[in-house]
Number of protein chains: 2
Amino acid sequence: MGKDMKQTTRRFQQMYEKLKKFHYKLTPQRIAILKILSERFDHPRPEDIYDDLQQQLPTTSPATVYKTLTVLKKLKEVLEIQYSHESNRYDAVNPFPHPHIFCTACQKITDLDFSEYDILQKKIALQTGYHVETVCLEVAGVCPDCQKISESFPGSR
Amino acid sequence: MGKDMKQTTRRFQQMYEKLKKFHYKLTPQRIAILKILSERFDHPRPEDIYDDLQQQLPTTSPATVYKTLTVLKKLKEVLEIQYSHESNRYDAVNPFPHPHIFCTACQKITDLDFSEYDILQKKIALQTGYHVETVCLEVAGVCPDCQKISESFPGSR
DNA sequence: TTTTTATATGATAATTATTATCCATTGATA
DNA sequence: TATCAATGGATAATAATTATCATATAAAAA
Ligand SMILES: [Mn+2]
Ligand SMILES: [Mn+2]
Ligand SMILES: [Zn+2]
Ligand SMILES: [Zn+2]
């Protein structure tokens with residue numbers, strides 16, 4: 001069993017227990033969604049989750065996916081990444097606020113490992129006098145892999 | 001003439017000249033929208049701009065507001081601040097990318113004067129190897145004024 | 001185990017911001 | 001002033017999400 005597998009199982013169990021603790025019903029639909037969420041490291045959209053779900057429970061409705069995400073959001077078991085007039089993306093693997101970086105070439109969303117993110121909140125609070133609640137840092141650019149490709153095919157974009 | 005007035009006039013002229021330079025027609029609708037945009041420091045939504053516009057040109061359509069904003073966006077004369085499933089907000093007073101802070105109590109959006117924003121891009125590029133194109137930093141919290149109010153009325157929120 | 005019941009599901013409609021379409025109008029140029 | 005491509009306005013289309021509501025069901029109670 002790989003390390004990802006262990007992490008996946010643990011996240012599934014954490015979410016399962018959280019739902020139980022707060023007396024939400026553990027329906028087959030919800031259990032399937034939890035499993036999908038715990039296995040997807042790529043910040044899926046509701047429709048991505050719905051597509052996966054169709055494999056197992058073909059009668060499920062998209063509304064159920066949205067409703068389950070709403071519940072998990074309330075319980076802070078999934079992080080919602082909002083995009084204007086595109087579908088939201090969700091991260092249940094790491095549900096705590098963290099920054100992301102989006103590659104405009106290959107469209108991949110990756111957790112941004114930016115060491116200073118955690119102290120940003122304090123710095124901003126100090127400089128502005130605000131009581132800071134959320135710090136949303138979303139970066140876009142071209143990933144190293146895609147830079148290599150565009151070097152090999154100059155002028156292709 | 002106050003300082004804001006001078007700044008307002010200058011921004012109007014800058015936008016006006018930019019449109020002219022790129023051979024966009026200077027219609028009464030566009031001129032009115034430029035004036036509104038140059039005067040509003042509060043990051044208005046398209047519907048806010050439309051409401052103001054109704055005072056002067058009551059037959060204007062919301063589509064015209066959207067189309068004009070699209071043009072100004074392309075010319076980098078307005079900054080679009082995207083909100084998921086809420087209206088976008090626009091800043092033509094300072095059209096260059098900059099961070100904002102939103103007060104969750106009074107709903108005010110203010111330019112975040114965060115001195116380290118400009119170097120964020122380089123730091124992230126260095127740490128990740130990405131060619132960074134945009135850095136979106138949007139903070140939410142309670143502004144100093146609203147903190148005072150909630151001290152005077154403890155437990156009111 | 002059966003009964004009960006509050007909650008969840010699924011089908012569908014509603015909502016909302018934005019974009020697309022299309023024809024009549026008009027600003028800019030000659 | 002005549003010309004014409006660009007623009008405006010009315011309206012339809014789009015797309016993600018949320019609301020509604022009758023039916024089904026997980027879980028607690030009997
Ligand atoms: Mn993430
Ligand atoms: Mn601003
Ligand atoms: Zn890439
Ligand atoms: Zn405030």
Side-chain angles (χ1 to χ4, degrees), chain A residues 15-37 43-75 77-90, chain B residues 15-36 43-75 77-90 109:
Chain A
M15 292 192 276
Y16 186 99
E17 292 303 325
K18 181 71 86 75
L19 286 179
K20 194 145 98 179
K21 180 176 170 187
F22 286 91
H23 307 104
Y24 289 96
K25 288 192 195 172
L26 275 303
T27 63
Q29 292 88 341
R30 281 184 177 161
I31 290 172
I33 292 170
L34 294 192
K35 190 160 289 178
I36 291 165
L37 282 173
H43 308 87
R45 302 165 298 173
E47 67 179 279
D48 298 325
I49 298 163
Y50 174 72
D51 289 345
D52 282 8
L53 196 54
Q54 287 293 90
Q55 313 284 324
Q56 316 169 44
L57 298 170
T59 64
T60 315
S61 151
T64 300
V65 174
Y66 281 103
K67 287 169 187 165
T68 301
L69 287 170
T70 301
V71 168
L72 293 172
K73 235 187 328 180
K74 206 177 310 180
L75 299 176
E77 289 295 328
V78 71
L79 182 73
E80 185 178 69
I81 311 162
Q82 302 187 337
Y83 288 93
S84 169
H85 313 300
E86 283 179 69
S87 297
N88 289 337
R89 313 279 298 243
Y90 292 88
Chain B
M15 292 191 277
Y16 185 98
E17 293 303 326
K18 181 71 85 77
L19 286 179
K20 196 146 94 176
K21 180 176 171 188
F22 286 91
H23 308 105
Y24 288 95
K25 287 192 195 170
L26 275 302
T27 63
Q29 294 88 340
R30 281 185 177 159
I31 291 171
I33 293 170
L34 293 191
K35 190 159 287 177
I36 292 164
H43 308 87
R45 300 165 299 172
E47 66 179 279
D48 299 324
I49 299 163
Y50 175 71
D51 289 346
D52 282 8
L53 196 55
Q54 287 293 89
Q55 314 283 323
Q56 316 168 44
L57 299 170
T59 64
T60 314
S61 149
T64 298
V65 175
Y66 280 104
K67 288 171 186 165
T68 301
L69 288 171
T70 301
V71 169
L72 293 172
K73 235 185 329 178
K74 207 177 309 183
L75 299 175
E77 288 295 327
V78 70
L79 182 73
E80 184 178 70
I81 311 162
Q82 303 187 336
Y83 288 94
S84 169
H85 313 299
E86 282 179 71
S87 297
N88 289 338
R89 314 280 296 244
Y90 292 87
I109 290 188

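This structure is a prediction, so every number in the text was calculated from the model and none was measured. Reminder, nothing fancy here: chain letters follow the sequence lines and each chain counts from 1.
- Between dA11(C) and Ser61(A), no contact under 4.0 Å exists linking OP1 or OP2 to a side-chain N or O.
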Where protein sits on nucleotides 15-20 of chain C, one letter per nucleotide: B base, S sugar-phosphate only, - none, heavy atoms under 4.0 Å: --SBB-
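- Interatomic distance, Glu77(A) CD to Glu17(A) CD, rounded to the nearest 0.5 Å: 11.0 Å.
- Considering only heavy atoms from C-beta on, Ser87(B) comes within 4.5 Å of Glu47(B) through its side chain.
- Atoms CG and CG, from Leu79(B) and Leu72(B) in turn, are 12.0 Å apart once rounded to the nearest 0.5 Å.
- To the nearest angstrom, P of dT7(D) lies 15 Å from CG of Leu69(B).
- For the atom pair Leu53(A) CG and Thr64(A) OG1, the distance stands at 8.0 Å (nearest 0.5 Å).
- Considering only heavy atoms from C-beta on, Tyr50(B) stays 4.5 Å or farther from Ser61(B) through its side chain.
- Checked against Pro44(A) for a side-chain contact (heavy atoms from CB on, under 4.5 Å), the options Ile36(A), Asp51(A), Ile49(A) give a single hit: Ile49(A).
- Among pairs with a residue in residues 57-74 of chain A, those fulfilling salt bridge (charged side-chain N to carboxylate O under 4.0 Å, His left out) read Lys73(A)-Glu80(A), at least two apart in sequence or across chains.
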Criterion side chain to side chain contact (heavy atoms under 4.5 Å, CB included) on Leu69(B) and Asn88(B), from CA distance to verdict: CA-CA 11 Å; Leu69(B) 288 171; Asn88(B) 289 338; over 6 Å; no
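- For the atom pair Met15(B) CE and Thr68(B) OG1, the distance stands at 11.0 Å (nearest 0.5 Å).
- Less than 4.0 Å separates DNA chain D from at least one heavy atom of each of the following residues of residues 51-59 of chain B: Thr59(B).
- Rounded to a whole Å, the CD1 atom of Ile31(B) is 11 Å from the P atom of dG8(D).
- Atom OH of Tyr83(A) is separated from atom CZ of Arg89(A) by 6.5 Å, given to the nearest 0.5 angstrom.
- For Ile33(B) and dT7(D), the CD1 to P distance is 12 Å, given to the nearest whole Å.
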Exercise answer: donor-acceptor pairs, residues 22-33 of chain B side-chain atoms, under 3.5 Å, sequence neighbours excluded:
from: Thr27(B); atom 1: OG1; to: Arg30(B); atom 2: N; distance (Å): 3.1
from: Arg30(B); atom 1: NH1; to: Lys25(B); atom 2: O; distance (Å): 3.0

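- Taken to the nearest 0.5 Å, the OG1 atom of Thr60(B) stands 11.5 Å off from the CG atom of Asp52(B).
- Note: NZ (Lys74(A)) to P (dT18(D)) measures 12 Å, nearest angstrom.
- In this structure, the side chains of His43(B) and Ile81(B) come closer than 4.5 Å at one or more pairs of heavy atoms.
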Summary of protein contacts for nucleotides 25-30 of chain D, nucleotide by nucleotide, where a base hit scores B, a sugar-phosphate-only hit scores S (4.0 Å, heavy atoms): BBS---
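- Overall, the helix from dT1(C)-dA30(D) to dA30(C)-dT1(D) carries an axis bend of 30° between its ends, with five pairs at each end and the value rounded to 10°.
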